[in-house]
Amino acid sequence: MNGGDEGVVASEEPLQPLEWKFSQVFGERAAGEEVQEVDIISAIEFDKSGDHLATGDRGGRVVLFERTDSKNHGSRKDLENTDYSNSRHPEFRYKTEFQSHEPEFDYLKSLEIEEKINKIKWCQTATGAVFLLSTNDKTIKFWKVQEKKVKKISDMNIDPSKANGNGSIASSSNSCILKPHLANGGSSDKAYSYLSSDFSFPPGGLPSLRLPSVASHETSLLARCRRVYAHAHDYHINSISNNSDGETFISADDLRINLWNLEISNQSFNIVDVKPTNMEDLTEVITSAEFHPTHCNTLAYSSSKGSIRLVDLRQSALCDSHAKLFEEHEAPGSRSFFTEIIASISDIKFAREGRYILSRDYMSLKLWDINMDSGPVSTFRVHEYLRPKLCDLYENDSIFDKFECCLSGDGSRVSTGSYSNLFRVFGCAPGSTEATTLEASKNPMRRQVPTPARPSRSIGNSITRVVRRGAENTGVDANGNSFDFTTKLLHLAWHPSENSIACAAANSLYMYYA
């Protein structure tokens, strides 16, 4: 369960801060344009190759993008003679979209079920098709998206002008004239003729008889729902996660985690159940869950009390007892009314090799080593300036916002969102001072704030526990603009192999590279 020796915080030389540049934007809105609620992006996910990107929105739609710069780069010799590292960055184009979920109504509970997409996860690709899971609050769906060639019949002997008058023979994909068949395989030749009464042979007959041929024209993308995994959750689904075995996945709600087989939609196994016998005894709920990236028997889930539990599926069928518990004990005398609210973890992510777990609570990012359960390896302060404003944030419910987090492919950096459409990028290596503030706009670096020095203390020889304070201020950025708590950057994803980030600002998808 040690997850390998991943170099997330083991680099000897501190990495230089990255210089981020704007790459692309999809769905950019004009100044003053009102954003429709259904168009707001609610999920972002790269596939493992980084060649595809999916977004889900509150209207239940899933939009797919595909990478264009990695295709048709020429011969191997051309690639060897060209330095792509300085000039290339991921470029994507719109591929297709489909309606994944529709609004529903639970008549038993008198409850409206939103169509909003909560999570998207890519599955293994096969035979030129891509597969993905999408979920709203109650129902998970398994989608297959593939190119389908549109075939048409061409090279007919029939005069097109007469053919069009007799059912558009030349242009229809179903243009062959069929005899109506009777029961037991018979047919009525008298009642129906292959040739219409308008058709006449030219004088001297046809010079040559050409058989109609089937020609493939343009291709279209077809999204088909292969399976629906429903009626397994009493509470809202907050997470889905694929297993590394390629056959199973988990879904988590506030009180339970279920294990599914991709091929079986009418049965799931409950592997974690934290629901007390008496609901009045409920003290914490599950907020996020994720499978280990390489060990198919290991998963982690976080709670509203700020703890992360590591579970081993080999120990028992019902994994209510955890293998490891990760939590940070609060300092004496620091408890307040908001302590437990801001300690709630909104998202967790395993690093690529599985040695580290990144968690996001309301005020900070924390990096955990699964071999060390005494406390986080590093803590990154995301927006410390909000601490005096917690009462106001509680009044307008902003304190319950669920920010996501992500790690770079090599595990050397972490990122998460904040308010005013800002997001932060931190370096993980010991001694790193990288704490960049970026804005989801075409000029991402315009809100840069000087980063103060951050203290650290060494633990052992090779592990450093660092408190990264980032840019602390009083709610005003370097340009004197006040922060806007109504615009929040909740969803973002890091490309699995390159320094490229995709993030959502309302209905717009922004992409940056370094």
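These numbers come from the heavy atoms of this one structure, side chains and all, not from hydrogens, waters or symmetry mates.
- Counting only distance, with no hydrogens or angles, the side chain of H491 and the backbone of A504 share no donor-acceptor pair below 3.5 Å.
- Between the side chain of E290 and the backbone N or O of D347, no donor-acceptor pair lies under 3.5 Å.
- Taking the six-membered ring for Trp and the full ring otherwise, F65 and F92 have centroids separated by 6.0 Å or more.
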Self-check item: CA sep, side-chain torsions, deciding dist, call: E434, L18, side chain to side chain contact (heavy atoms under 4.5 Å, CB included)
Solution: CA-CA 8 Å; E434 185 171 4; L18 296 175; 4.0 Å; yes
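- For the ring pair (Phe, Tyr, Trp, His ring centres under 6.0 Å) with H292, the lone residue among F350, Y301, Y356 that qualifies is F350.
- Residues L407 and L367 are in side-chain contact: their nearest non-hydrogen atoms beyond the backbone lie under 4.5 Å apart.
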Quiz item: For L299 and I271, what are the C-alpha separation, side-chain angles and deciding distance, and is it a side chain to side chain contact (heavy atoms under 4.5 Å, CB included)?
Solution: CA-CA 11 Å; L299 63 94; I271 56 174; 3.7 Å; yes
Self-check item: Candidate pair F485 and D392, rule side chain to side chain contact (heavy atoms under 4.5 Å, CB included), full reasoning
Solution: CA-CA 11 Å; F485 301 118; D392 296 334; over 6 Å; no
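- Taken from CG in L313 to CZ in F291, the straight-line distance is 5.5 Å, to the nearest 0.5 Å.
- Between Y394 and F337, the ring centre distance stays below 6.0 Å.
- Two residues are said to be in side-chain contact when any heavy atoms from C-beta on lie closer than 4.5 Å; F423 and Y512 meet this criterion.
- Counting heavy atoms from C-beta outward, S344 and F400 have side chains that stay 4.5 Å or more apart.
- Within the 3.5 Å criterion, the main-chain N or O of C296 finds a donor-acceptor partner in the side chain of N243.
- Under the 4.5 Å side-chain criterion, counting only non-hydrogen atoms from C-beta, M511 is not in contact with P90.
- Residues Y419 and K488 approach most closely at CD2-CB, 3.8 Å, considering heavy atoms.
- Contact annotation: the side chain of L509 approaches that of L53 to within less than 4.5 Å [non-hydrogen atoms, C-beta and beyond].
- Listed here is the closest heavy atom pair of T125 and F131: CA-CD1, 4.3 Å.
- In terms of modelled atom types and a separation under 3.5 Å, the side chain of S408 and the main chain of R413 share a donor-acceptor contact.
- The minimum heavy-atom distance linking S346 with S288 is given by the pair O-CB, 4.2 Å.
- D39 pairs with exactly one of R58, R61, R29 by the salt bridge (charged side-chain N to carboxylate O under 4.0 Å, His left out) rule, that one being R61.
- Heavy atoms only, all atoms of each residue included: A289 and S241 are closest at O-CB, 4.0 Å.
- Formation of a donor-acceptor pair under 3.5 Å by the R67 side chain with backbone atoms of S49 is not found in this model.
- K48 NZ: 12 or fewer foreign heavy atoms inside a 6.0 Å radius.
- Taking 4.5 Å as the limit, every side-chain heavy atom of H236 sits out of range of all side-chain heavy atoms of D253.
- Summarising the local packing, CD of E19 is surrounded by 12 or fewer heavy atoms from other residues, nucleotides or ligands at distances under 6.0 Å.
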Exercise. Given side-chain hydrogen bond (donor to acceptor under 3.5 Å, both in side chains), test E439 with S441 step by step and report yes or no.
Key: CA-CA 6 Å; E439 182 185 39; S441 68; 3.2 Å; yes
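- With respect to the salt-bridge test (charged N to carboxylate O, under 4.0 angstrom), the residues K324 and D373 do not qualify.
- With values rounded to the nearest 0.5 angstrom, K141 atom NZ is found 10.0 Å from F98 atom CZ.
- Residues L262 and C123 come closest through the heavy atom pair CD2-SG, 4.5 Å.
- Ring pair F249/Y229: centre-to-centre distance below 6.0 Å.
- Side-chain contact between C428 and V414 is present, with at least one heavy-atom pair separated by less than 4.5 Å.
- For the atom pair CD of E37 and NZ of K116, the computed distance is 9.5 Å after rounding to the nearest 0.5 Å.
- More than 12 heavy atoms of other residues, nucleotides or ligands lie within 6.0 Å of CZ in F22, so this atom counts as buried by the packing criterion.
- Side-chain N or O atoms of R226 include none that pairs as donor or acceptor with a backbone N or O of K144 at under 3.5 Å.
- Side chain of T135 to main chain of N118: no donor-acceptor pair is present (N/O by atom type, distance under 3.5 Å, no hydrogens or angles).
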Exercise. Determine, stepwise, if the pair W494 / S415 fulfils side-chain hydrogen bond (donor to acceptor under 3.5 Å, both in side chains).
Key: CA-CA 8 Å; W494 201 303; S415 182; over 6 Å; no
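- Taking NE2 from H101 and CD1 from I140, the interatomic distance works out to 8.0 Å, rounded to the nearest 0.5 Å.
- Judged by distance alone, the side chain of T287 and the main-chain N or O of I345 form a donor-acceptor pair under 3.5 Å.
- For the atom pair CD of E328 and OG of S359, the computed distance is 9.0 Å after rounding to the nearest 0.5 Å.
- What you find for A343 and D361 is that their closest heavy atoms are O-CB, 3.8 Å.
- Summarising the local packing, NZ of K442 is surrounded by 12 or fewer heavy atoms from other residues, nucleotides or ligands at distances under 6.0 Å.
- Put simply, the side chain of S304 gets close to the backbone of V285: a donor and an acceptor are under 3.5 Å apart.
- Looking only at atom types and distance, the side chain of S100 has a donor-acceptor partner in the side chain of W143 under 3.5 Å away.
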Quiz item: Do N507 and Q36 pass the side chain to side chain contact (heavy atoms under 4.5 Å, CB included) test, and can you show the C-alpha distance, the side-chain angles, and the key distance before you say yes or no?
Solution: CA-CA 8 Å; N507 66 325; Q36 299 297 319; over 6 Å; no
Self-check item: Pair Y510-N421, side-chain hydrogen bond (donor to acceptor under 3.5 Å, both in side chains): steps then yes or no
Solution: CA-CA 11 Å; Y510 286 91; N421 284 339; over 6 Å; no
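- Interatomic distance, T416 OG1 to E404 CD, rounded to the nearest 0.5 Å: 8.5 Å.
- Side-chain atoms of N136 and K138 form no donor-acceptor pair, as typed in the model, at a separation below 3.5 Å.
- Under the side-chain contact (heavy atoms from CB on, under 4.5 Å) test applied with T55, the options L64, I41, I120 reduce to a single match, I41.
- Taking the side chain as every heavy atom from C-beta outward, L255 and L282 approach each other to under 4.5 Å.
- Between the side chains of S244 and T294, no donor-acceptor pair of N or O atoms lies under 3.5 Å.
- A donor-acceptor contact shorter than 3.5 Å is absent between the side chain of H383 and the backbone of L386.
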Exercise. Apply side-chain hydrogen bond (donor to acceptor under 3.5 Å, both in side chains) to the pair R93 and T68, showing each step before the final yes or no.
Key: CA-CA 7 Å; R93 70 178 178 191; T68 58; over 6 Å; no
